[in-house]
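Structure first, commentary second.
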There are 4 protein chains.
Amino acid sequence: MSARALRRDAAENRSRILDAARSTFDQEGLDAGMEVIAQRAGVGVGTIYRRFPTKEDLIASVVHEVLSDIRDAQRSALDANDAGDGFLALLFDVGEIYRLHLGCLPRLWGDADDELREEIDHLGREVLERAQRAGAVRSDVVYEDLVTLFWSLRGVIERSGTVSPDAWRRALELQSQAWMFCNAPLRTAPPSSSEVALIRGQSQN
Amino acid sequence: MSARALRRDAAENRSRILDAARSTFDQEGLDAGMEVIAQRAGVGVGTIYRRFPTKEDLIASVVHEVLSDIRDAQRSALDANDAGDGFLALLFDVGEIYRLHLGCLPRLWGDADDELREEIDHLGREVLERAQRAGAVRSDVVYEDLVTLFWSLRGVIERSGTVSPDAWRRALELQSQAWMFCNAPLRTAPPSSSEVALIRGQSQN
Amino acid sequence: MSARALRRDAAENRSRILDAARSTFDQEGLDAGMEVIAQRAGVGVGTIYRRFPTKEDLIASVVHEVLSDIRDAQRSALDANDAGDGFLALLFDVGEIYRLHLGCLPRLWGDADDELREEIDHLGREVLERAQRAGAVRSDVVYEDLVTLFWSLRGVIERSGTVSPDAWRRALELQSQAWMFCNAPLRTAPPSSSEVALIRGQSQN
Amino acid sequence: MSARALRRDAAENRSRILDAARSTFDQEGLDAGMEVIAQRAGVGVGTIYRRFPTKEDLIASVVHEVLSDIRDAQRSALDANDAGDGFLALLFDVGEIYRLHLGCLPRLWGDADDELREEIDHLGREVLERAQRAGAVRSDVVYEDLVTLFWSLRGVIERSGTVSPDAWRRALELQSQAWMFCNAPLRTAPPSSSEVALIRGQSQN
DNA sequence: CATGAATGAGAATTCATTCAT
DNA sequence: TATGAATGAATTCTCATTCAT
């Protein structure tokens with residue numbers, strides 16, 4: 001077997017493990033045992049630990065995939081012809097992703113993996129501001145409000161996701177109307193970006 | 001304060017335990033060990049088990065406090081002169097309660113403490129319908145949407161509650177505008193009441 | 001309340017505890033909790049610990065009562081007109097006592113309480129030898145065989161005592177025939193008295 | 001021998017655990033802690049739980065060995081040329097087995113491992129009836145008496161087994177004479193087979 | 001390299017014993 | 001003196017992680 005073939009095997013193995021971990025976490029949550037994941041991947045636990053020194057590392061890798069899905073969604077939101085449509089599409093795309101990877105939500109923002117998260121924040125801001133510049137979204141909301149909206153989305157999906165796969169759509173539709181069709185003044189200030197950073201840093205659940 | 005000096009009146013001790021449990025659950029989640037709670041309460045584990053035969057019982061007791069607070073909030077919402085004000089007050093009262101008892105939100109609906117929960121549902125419906133009859137809340141939303149709104153509220157508070165104690169107010173203000181000042185049509189149907197019941201029944205997290 | 005009255009109270013209390021302990025052990029075995037015994041006696045656990053510094057001490061006291069019942073049985077066996085009848089009566093009396101105090105059997109011989117046990121051994125030897133001298137019991141058995149017979153009796157009663165209160169009688173009837181009506185030689189030697197002492201010393205179950 | 005050196009082949013390990021369990025149960029009873037058994041076996045607790053998901057399972061496995069030994073003894077008792085010799089051999093074989101597995105006698109009959117137990121009952125009846133037909137055993141005893149005899153045997157062995165490994169032989173020799181050489185009438189009826197079944201069903205000690 | 005057996009710290013719970021009231 | 005609340009060591013069992021094969 002050539003070195004190249006070995007490398008290919010290894011890569012394949014790695015992705016089998018990631019797939020197994022993702023689907024296991026999706027179904028059983030992050031408390032799922034490593035043994036279960038190993039079985040689903042058709043490997044021994046030891047093999048997992050060769051690729052991912054720690055369960056946390058494994059989780060982080062799965063989360064990374066979810067995060068890049070989100071980034072992709074933001075990119076295409078930015079590509080949309082209509083800024084408002086793009087914004088709205090982003091909301092629903094993220095909902096879709098959340099529902100698909102329900103089990104990973106607890107760690108979605110907790111870890112370091114900074115580059116990707118920075119990109120996500122950057123893109124998210126763009127999407128929002130573009131929609132605001134186009135007049136599609138009220139001007140008195142800020143990016144931190146969007147982060148908060150995603151927290152609320154998570155709340156809905158974590159409850160209803162497995163039983164009622166579309167309940168979050170209704171909630172999002174309703175909520176998005178406040179962003180796009182309302183102008184009543186808001187008395188409370190949004191959380192500061194440093195607060196948001198702090199929250200994310202603690203977020204282990 | 002010596003370990004000996006911590007021995008107190010039983011009733012006081014009980015509430016010390018409940019307080020310790022609440023704050024521990026807030027910070028570490030419901031997986032927090034009984035030992036930790038005992039230390040925080042300044043008692044031995046055995047003392048906890050004297051009052052609460054099971055960890056579940058301890059959780060249930062914390063939860064019970066929350067539920068009766070919620071019921072009280074709904075009662076006073078019904079008593080409000082203005083139906084719209086009552087509705088709005090309910091939203092913010094529940095937010096307040098959720099933030100105070102953040103740690104036990106995961107079990108808020110799962111258990112069988114039925115009478116109280118039924119009363120809550122009944123009152124909640126009343127509050128909503130009264131506000132709708134008064135024209136303060138759009139007529140195309142149903143009680144299940146309110147339940148969903150509370151799920152979303154929980155999502156926000158579980159993230160931000162400890163760090164940014166008012167972030168949820170902002171989110172709620174925004175969201176409530178969609179309920180009170182918007183009329184754009186909604187394409188998705190709300191979850192059915194049986195779906196909601198099913199979701200609650202499974203709700204162990 | 002006079003000192004005498006106090007002493008009477010205390011004595012009464014002590015016997016209430018002993019009664020409660022005896023009946024609890026009879027029904028639930030020696031693993032029964034101290035709290036249960038206290039409740040049955042209508043006192044607090046603390047009161048038990050005032051009279052009996054240790055659970056072991058309490059058990060020993062209950063056992064002491066059983067042992068004196070056995071001693072009494074042996075005394076009346078010695079008083080019997082017919083030596084063979086006396087011997088037989090002893091067997092069945094002990095069976096009766098064992099069944100009545102089924103829960104205490106595990107500690108019947110383990111503890112120190114020497115005087116009573118010595119008396120029991122002494123009397124037991126007498127009963128046996130008297131019956132042998134009278135020709136009612138075969139001459140090739142020794143007191144250690146009698147001790148062994150009581151072990152076997154315990155085995156039967158511990159199994160069947162609660163369900164089939166007379167099963168042990170049948171077993172004893174059968175076994176006694178070997179002692180009284182058989183003469184076939186025995187090839188194995190009986191356990192030595194020092195072995196028996198050693199066995200009793202270890203007997204904590 | 002270092003802790004590392006103790007790691008062995010899995011199969012060997014399993015029997016080391018079973019051996020350790022047996023001898024620990026013999027000495028400390030079934031209440032012995034898993035930690036103790038693990039130490040004696042030279043493994044960690046986790047290793048025990050890998051092979052035996054539950055302490056009950058561990059006990060059941062030890063018990064199973066005993067039961068199949070008993071069945072084997074009965075088979076060879078049936079194969080004996082002389083029916084009386086076969087019967088007698090069975091008694092002593094069972095004694096031998098009981099002594100060897102002294103620690104698990106409390107659970108010998110309680111569980112549901114039914115097939116084996118039914119076979120044992122069936123064979124036991126055969127052995128007895130064959131000996132009765134051959135005139136070697138008195139005709140007024142039934143299989144339930146044999147069960148009772150084994151209870152009594154257990155009583156003797158549980159007391160004396162570790163200290164005086166042959167004491168039970170003497171007791172059995174004596175007792176067997178009542179079965180084989182006596183004819184005096186028996187006044188008490190044997191326990192019914194349903195009583196015996198009930199006793200076994202409860203037998204957790 | 002892969003495997004899965006072994007490890008052992010940690011979790012919930014029980015109960016004999018102590019001690020403030 | 002009596003009470004029963006408080007204590008905490010011990011028990012069964014789980015699971016992330018290590019390492020012999």
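All values below come from the heavy atoms of this structure, side chains included, with hydrogens, waters and symmetry mates left out.
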Between D/R107 and D/E56, does at least one N-O distance fall below 4.0 Å, as a salt bridge requires? yes
Where each residue is assigned the nucleotide of DNA chain E containing its nearest heavy atom, which of C/K55 and A/V43 is assigned the position nearer the 5′ end? A/V43
By nearest atom, which of the nucleotides E/dG4, E/dC1, F/dT12 is closest to the D/E35 side chain? F/dT12
Closest to the A/T47 side chain: E/dT3, F/dT3, F/dA2? E/dT3
Which atom pairs, one a donor and one an acceptor, fall under 3.5 Å between side chains of residues 33-50 of chain C and the rest of the protein, sequence neighbours left out?
{"unit_1": "C/R40", "atom_1": "NE", "unit_2": "C/T24", "atom_2": "OG1", "d": "3.4"}
{"unit_1": "C/R40", "atom_1": "NH1", "unit_2": "C/S23", "atom_2": "OG", "d": "3.4"}
{"unit_1": "C/R40", "atom_1": "NH2", "unit_2": "C/Q27", "atom_2": "OE1", "d": "3.0"}

D/D57 CG - F/dC13 P separation (whole Å): 9 Å
Considering only heavy side-chain atoms of C/T54, the closest of F/dA2, F/dC13, E/dT17 is E/dT17
From CA spacing to verdict: side-chain contact (heavy atoms from CB on, under 4.5 Å), D/D31, C/D31: CA-CA 11 Å; D/D31 288 342; C/D31 287 342; 4.2 Å; yes
Is the distance from OP1 or OP2 of F/dA5 to the nearest side-chain N or O of B/N13 less than 4.0 Å? no
Measure CG/A/L58 against P/F/dC15 and give the value in whole Å, please. 16 Å
Using atom types as modelled and distance alone, determine if a side-chain donor or acceptor of A/D57 lies under 3.5 Å from a backbone N or O of A/T54. yes
Just the rounded figure in Å: distance from P of E/dA5 to CZ of D/F52. 13 Å
So the stems of DNA chain F, runs of at least three Watson-Crick or G-U pairs (under 3.5 Å), are E:2-21 with F:2-21
Without decimals, in angstroms, what is the distance between B/E56 CD and E/dA11 P? 16 Å
Contacts of type side chain to side chain contact (heavy atoms under 4.5 Å, CB included), residue D/D19, not counting sequence neighbours: D/R22
In whole Å, I'd like the distance from the CZ atom of A/R14 to the P atom of E/dA2. 13 Å
Heavy atoms from C-beta onward define the side chain here; which of F/dT14, F/dA16, E/dA16 lies closest to that of D/V45? F/dT14
D/W109 and C/R159: CA distance, side-chain angles, deciding distance, side-chain contact (heavy atoms from CB on, under 4.5 Å) verdict: CA-CA 11 Å; D/W109 300 103; C/R159 264 7 91 206; over 6 Å; no
Using a cut-off of 4.0 Å on non-hydrogen atoms, how would the nucleic acid contact of A/G46 be classed: base, sugar-phosphate, or nothing? base
Close side-chain approach of A/L108 to A/R154, heavy-atom, < 4.5 Å: no
Closest of F/dA16, E/dA5, E/dT13 to the D/R50 side chain is E/dA5
Take C/I59 and C/C104 through the side-chain contact (heavy atoms from CB on, under 4.5 Å) test and state the conclusion after the steps. CA-CA 8 Å; C/I59 293 174; C/C104 304; over 6 Å; no
Atom-pair distance (CE on D/M34; P on E/dG8), nearest Å: 16 Å
Between E/dA16 (C1') and C/E28 (CD): distance, integer Å: 16 Å
Value in whole Å for how far the P atom of E/dA11 lies from CD1 of B/I48: 13 Å
Could you say whether D/Y49 or A/A32 is positioned toward the 5' end of DNA chain F, judged by the nucleotide with the nearest heavy atom to each? D/Y49
With the side chain defined as heavy atoms from C-beta on, A/R51 is closest, among F/dA5, E/dA2, E/dT17, to E/dA2
